[in-house]
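Heavy atoms only: backbone and side chains are in, while hydrogens, waters and symmetry mates are out. Here is the naming used below: chain letters follow the sequence lines, and residue numbers restart at 1 for every chain.
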Protein chains: 2
Amino acid sequence: MTVTPPARSPRRRVPRNTLNPDRILDAAVALLDRHGPEAFTMRALAQELGVGTMAVYSHFKGKDEIIDAVNERLLGEIELPSGTGPPRGQLIELCVGVYRLFSEHPSALQLLTSRPLRGDEPIAVIDRMLCLLITAGLDPSAAARAQVALMQYTVGAALWVVRRNRAECEEAEAGLREKIRSRLAALPPDSYPSLVGLAPELVAAQQSGQAQYEAGLSALLDGLIRN
Amino acid sequence: MTVTPPARSPRRRVPRNTLNPDRILDAAVALLDRHGPEAFTMRALAQELGVGTMAVYSHFKGKDEIIDAVNERLLGEIELPSGTGPPRGQLIELCVGVYRLFSEHPSALQLLTSRPLRGDEPIAVIDRMLCLLITAGLDPSAAARAQVALMQYTVGAALWVVRRNRAECEEAEAGLREKIRSRLAALPPDSYPSLVGLAPELVAAQQSGQAQYEAGLSALLDGLIRN
DNA sequence: ACCTGAACACCGTTCAAGT
DNA sequence: ACCTGAACACCGTTCAAGT
């Protein structure tokens, strides 16, 4: 006699206990944040997933496609500000969100520098920024220029911090700060009087991270919004 | 009879017609600017020099050491402003110099993001910036923060431009601009009203490069110098 | 359809050897 | 001292093959 096969959901795209794009991206982000972009290898990714190297290629065309997908996922994590209060405060909130994303996920930044950005995840952030700048009284062309400037500064600041963290990892723990200080002190004060004189303040500024970013952001917004 | 050997300069470090560190760095910079960082290969470099792959290793420890040397050479090319006129104008001149270096030598920027900066070439630039900021009336700690912010913004802006140029190269010639415009037009105006409404201005801002940089720099300086 | 292992064309670098 | 060629341990990806 014929047995009716067990009722089955018409589309069972994700067989249990096996690979899928989401699991791959989870592993990719974890790998990137843990060991940095240069350790992000197809072979390492597959090992992280407990799978043969080529299994990943069933879900992504290649490494570049994974990089794009990781970028899109991370940029999608940025949360938009609540939408109340004066535009200046909301702009700061939004920009700090972007800054924190990039400095907490150095991978995203490295990926951003190594490949042009595809996908449309960041558009929500851009749209909100523009809206806030218009609300703050800027005309369309000034708002567009301001939005680009804000993104440029944010990316640059994050890049700075990531580089510093990277340098700290490479050096013996915490010896870096002293090393920089001594190198600054060893410079001929006659040739570089300002730099030698301001060495402590410079080290402090380099060290402050998000506070430094917010100070610069505040100044930039002052200049952009005018008053 | 004994012939006195021909008088010889006591140190003849650079035998003619052969490799030396300078020739290697020339070739490295040329290779980087011509084909980008991912084509910068020890094998390609040796071929550019018409020499076996391992010859380079007689002059540099490895690829990283060459990267550091290239960075130092490029940063040393930045010219300091003449030293006359109000500090604001000199600061702009100096920052634009850094910006142009990075956007004309994408290699330098990529290298900057891939390795912490070693060597002391950029110190002259930093010293001059600090000096100008103090002259403009900032106190030491504000000057230090301002200097870092200026560098962060400059690096970020250059990174932006380099990424855009890279994207343009990858696409079929000049089709990119139209593509972006059409993708912006295809977005749902209800979801992203500001972005869709300001699309032409945004494209213009992205396209303007150094003018966009100078506009943002001017705003940032306004905010930093206060008045 | 999904996953595997072997293989290919690269890469930076080590090493023994030449001059 | 400077340069060479072969070799090693990697890398991304292709391909034929398994289920």
How long is the line joining [atom1] of [X] and [atom2] of [N], in whole Å?
{"X": "B:Ile24", "N": "D:dC3", "atom1": "CD1", "atom2": "C1'", "answer": "11 Å"}
{"X": "B:Glu65", "N": "C:dT13", "atom1": "CD", "atom2": "P", "answer": "10 Å"}
{"X": "A:Tyr57", "N": "D:dT14", "atom1": "OH", "atom2": "C1'", "answer": "9 Å"}
{"X": "B:Phe60", "N": "D:dC3", "atom1": "CZ", "atom2": "P", "answer": "12 Å"}
{"X": "A:Asn20", "N": "C:dA1", "atom1": "CG", "atom2": "C1'", "answer": "14 Å"}
{"X": "B:Arg43", "N": "D:dT4", "atom1": "CZ", "atom2": "P", "answer": "14 Å"}
{"X": "B:His35", "N": "C:dC11", "atom1": "NE2", "atom2": "C1'", "answer": "18 Å"}
{"X": "B:Asp64", "N": "C:dG12", "atom1": "CG", "atom2": "P", "answer": "11 Å"}

Within-4.5 Å side-chain heavy-atom neighbours: B:Phe40 and B:Lys63: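 Side chain of B:Phe40 against side chain of B:Lys63, heavy atoms only: contact under 4.5 Å found.
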Sugar-phosphate only, base, or nothing, as touched by B:Ser58 at under 4.0 Å among non-hydrogen atoms: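 Contact class for B:Ser58: base.
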Sugar-phosphate only, base, or nothing, as touched by B:Met54 at under 4.0 Å among non-hydrogen atoms: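 Result for B:Met54 = base.
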Contact summary for B:Ala55 and B:Val51, nearest pair of heavy atoms: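 Looking at all heavy atoms of both residues, the closest pair is CB-CG1, 3.6 Å.
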Non-hydrogen atoms of A:Leu202 and B:Gln147 that approach each other most closely: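 That closest heavy-atom pairing would be CD2-OE1, 3.6 Å.
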Partner nucleotide of D:dG12 by Watson-Crick or wobble geometry (both distances under 3.5 Å):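 In the structure as shown, D:dG12 has C:dC8 as its Watson-Crick or wobble partner.
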Phosphate contact (C:dC3 OP1 or OP2) by A:His59 side-chain N/O below 4.0 Å: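 So the side-chain polar atoms of A:His59 do come within 4.0 Å of the phosphate oxygens OP1 or OP2 of C:dC3, strictly under.
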Consider the side chain of [X], meaning its heavy atoms from C-beta on, and name the nucleotide among [options] that approaches it most closely.
{"X": "B:Ala55", "options": "D:dC3, C:dG12, D:dT13", "result": "D:dC3"}
{"X": "B:Met42", "options": "D:dG12, C:dT13, C:dC3", "result": "C:dT13"}
{"X": "A:Leu19", "options": "D:dT13, C:dC3, C:dC11", "result": "C:dC3"}

Heavy atoms of other groups near A:Gln47 CD, more than 12 under 6.0 Å: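 For A:Gln47, atom CD is not crowded (no more than 12 foreign heavy atoms under 6.0 Å).
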B:Arg100 atom CZ: more than 12 heavy-atom contacts under 6.0 Å: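 Result for CZ/B:Arg100: open.
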